[in-house]
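In what follows, a single structure is set out as structure tokens and then discussed.
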Amino acid sequence: MDIKITRASALKDKPDSSTLVFGKAMTDHMFIVDYDAGQGWHDARIIPYGPLQIDPAAKVLHYGEEIFEGLKAYRTADGSIQLFRPRDNIDRLNKSADRLCLPQIPEELALAGITELVKLEQDWVPSEEGTSLYIRPFMIGLDAALGVHSSHHVQYIVVVCPVGAYYPEGLNPVKIYIEEEDVRAVKGGMGMAKTGGNYAASLRAGNRAEERGYSQVLWLDGVHRKYIEEVGAMNVMFKVNGKILTPDLNGSVLDGITRRSCIQLLKDWGYQVEERRISAEELFAAAESGELEEAWGTGTAAVVSPIGELAMGEKKVTVSHNQIGEITQKLYDELTGIQWGHVADPHNWIMKL
Ligand code: PLP
Ligand code: COI
């Protein structure tokens with residue numbers, strides 16, 4: 001499908017890449033393609049970035065008919081630009097679409113929306129260490145009617161923004177609070193989909209954790225309320241007595257692309273990785289016996305983030321002396337090395353633009 005490009009008449013000033021705040025500095029253009037039942041995807045276009053015109057009765061505004069993705073474009077030392085596993089994001093977008101009765105988007109169209117926009121905005125891809133261009137593709141249901149039904153008119157949109165570290169802590173360990181009241185998702189719900197509703201469900205606990213001085217919430221499963229699931233914007237991994245433990249993909253946890261990349265790297269290095277149920281009790285017991293050696297989160301925005309403190313109610317443990325652990329650092333170095341093109345990419349994860 002041809003993409004019609006309408007350029008912005010005036011370009012914005014680019015932000016200083018040493019002081020980027022995550023997700024605030026949107027670029028000059030955005031990609032949009034429409035979908036109508038019976039007609040399919042049509043009118044792919046790149047237009048100046050700006051407000052969308054949405055009917056106040058549109059389903060997305062009332063019933064959360066929305067899915068999204070997050071990936072990044074990286075500037076390499078030779079000035080070229082590359083993406084990390086973009087087809088995995090599109091595959092997950094289509095899985096989320098299936099859950100929310102949104103239409104499947106052909107992989108090549110979804111990818112073209114990303115690559116053509118990044119090419120047009122290439123001057124926005126920062127080169128300072130630790131920075132990248134964050135890419136946010138999303139799909140919304142736009143039928144203007146208040147009945148609860150899936151939409152026949154849908155848009156897939158891509159916006160991009162230069163970013164630095166997601167947490168103000170950078171690569172310093174973050175403090176994570178295990179939430180015991182609210183739940184993010186349950187099996188059979190939408191936990192495995194990347195959809196706005198899951199994040200709306202997380203806001204109250206997130207605010208409470210922040211008030212207590214914690215960066216994010218670690219969710220427990222919604223049935224037993226005892227097994228670790230994931231953090232607000234990342235999957236979690238633990239090094240316990242030399243082994244790596246991470247919650248299994250039980251239907252309510254997001255199948256993170258950084259998670260699957262880290263598991264692959266850890267296996268390449270000979271680590272035993274157990275994807276299984278992990279109770280909060282098991283973690284605290286491991287911390288008490290000195291077997292909890294490292295904890296970290298994985299995510300596109302968060303990359304590999306060391307966890308320095310875990311708390312639940314009155315219980316609190318410090319992990320790895322509140323320092324970045326050896327494996328956490330090694331994973332961060334290897335993953336970002338591949339992403340920024342400093343180290344070899346043995347699994348073909350990189351797509352050059
Ligand atoms: N879990 C949640 C809830 C997230 O929002 C994210 C971020 O995308 C992740 C996990 C990590 O997924 P990925 O590594 O694909 O970015
Ligand atoms: C990402 O890592 O891409 C995410 O989507 C996290 C986001 C919720 C900030």
Heavy-atom closest contact (R184 atom, S252 atom, distance): NH1-O, 3.1 Å
ring-ring contact (aromatic ring centres under 6.0 Å, His included) with Y227: which residues, sequence neighbours excluded? H224
Within the structure provided, determine whether R7 and L120 are in side-chain contact (heavy-atom separation under 4.5 Å). yes
For C161 and A25, work out which heavy atoms get closest and say how close. CB-O, 3.1 Å
For L203, which fellow cluster members are found when Ile, Leu, Val, Met, Phe, Trp and Tyr are connected by side-chain heavy-atom distances below 4.5 angstrom, either directly or through intermediates? none
Checking the side chain of D221 only, and the main-chain atoms of K226 only, is there a donor and an acceptor separated by less than 3.5 Å? yes
Determine, using ring centers only, whether F138 and F68 are less than 6.0 Å apart. no
Considering all heavy atoms, the nearest K12-D28 contact: N-OD1, 2.8 Å
Can you check whether L245 reaches L283 side chain to side chain, under 4.5 Å on heavy atoms? no
Using the side-chain hydrogen bond (donor to acceptor under 3.5 Å, both in side chains) rule, collect all pairs that involve residues 83-93, keeping only residues at least two apart or in two chains. E69-N89, E69-R92, R85-D88, R85-S261, R87-E107, R87-E108, D88-R260, D91-K95
Indicate whether the side chain of E229 and that of N235 have a donor and an acceptor atom separated by less than 3.5 Å. no
For residues 312-332, which side-chain donor-acceptor pairs fall under 3.5 Å, sequence neighbours excluded?
{"residue": "S320", "atom": "OG", "partner": "Q323", "partner atom": "O", "Å": "3.3"}
{"residue": "T328", "atom": "OG1", "partner": "E294", "partner atom": "OE1", "Å": "2.6"}
{"residue": "Q329", "atom": "NE2", "partner": "D333", "partner atom": "OD1", "Å": "3.1"}

E282 with R276: basic N within carboxylate O range, under 4.0 Å: yes
Test of understanding: with side-chain contact (heavy atoms from CB on, under 4.5 Å), list the residues that count as partners of D268, not counting sequence neighbours. Q264, L265, H347
According to side-chain hydrogen bond (donor to acceptor under 3.5 Å, both in side chains), does anything in residues 334-345 pair up with another residue at least two apart or in another chain? List the pairs. Y74-Q339
Any idea which heavy atoms bring M30 and L52 closest together, and the distance? CE-CD2, 4.0 Å
Taking only residues two or more places apart in sequence, or in another chain, which ones meet T300 in a side-chain contact (heavy atoms from CB on, under 4.5 Å)? K72, Y134, T258
Hey, does the side chain of T195 reach the backbone of E66 with a donor-acceptor pair shorter than 3.5 angstrom? yes
If we ignore angles and hydrogens, is there a donor and acceptor under 3.5 Å between the side chains of E309 and Y214? yes
One thing to verify: whether R208 and E179 come together as a salt bridge, which I'm taking to mean a side-chain N less than 4.0 angstrom from a carboxylate O. yes
Taking atom types as modelled and ignoring hydrogens, do the side chains of Q82 and K352 form a donor-acceptor contact shorter than 3.5 angstrom? yes
Side chains of Y199 and K194 only: does a donor on one sit below 3.5 Å from an acceptor on the other? yes
Between D36 and H42, do the side chains contain an N or O donor and an N or O acceptor separated by less than 3.5 Å? yes
Under a 4.0 Å threshold between the charged nitrogen and the carboxylate oxygen, would E293 count as salt-bridged to K239? yes
Could you list the residues that satisfy side-chain contact (heavy atoms from CB on, under 4.5 Å) with L353, not counting sequence neighbours? I81, L83, T115, V118, K119
Applying salt bridge (Lys or Arg N to Asp or Glu O under 4.0 Å) as the test, list every pair that has at least one member in residues 121-138; sequence neighbours left out. none
Sequence-distant partners of Y271, ring-ring contact (aromatic ring centres under 6.0 Å, His included), two or more places apart: none
By ring-ring contact (aromatic ring centres under 6.0 Å, His included), Y63 pairs with (sequence neighbours left out) none
For D43, give me all partners under side-chain contact (heavy atoms from CB on, under 4.5 Å), at least two apart in sequence or on another chain. D34, R45
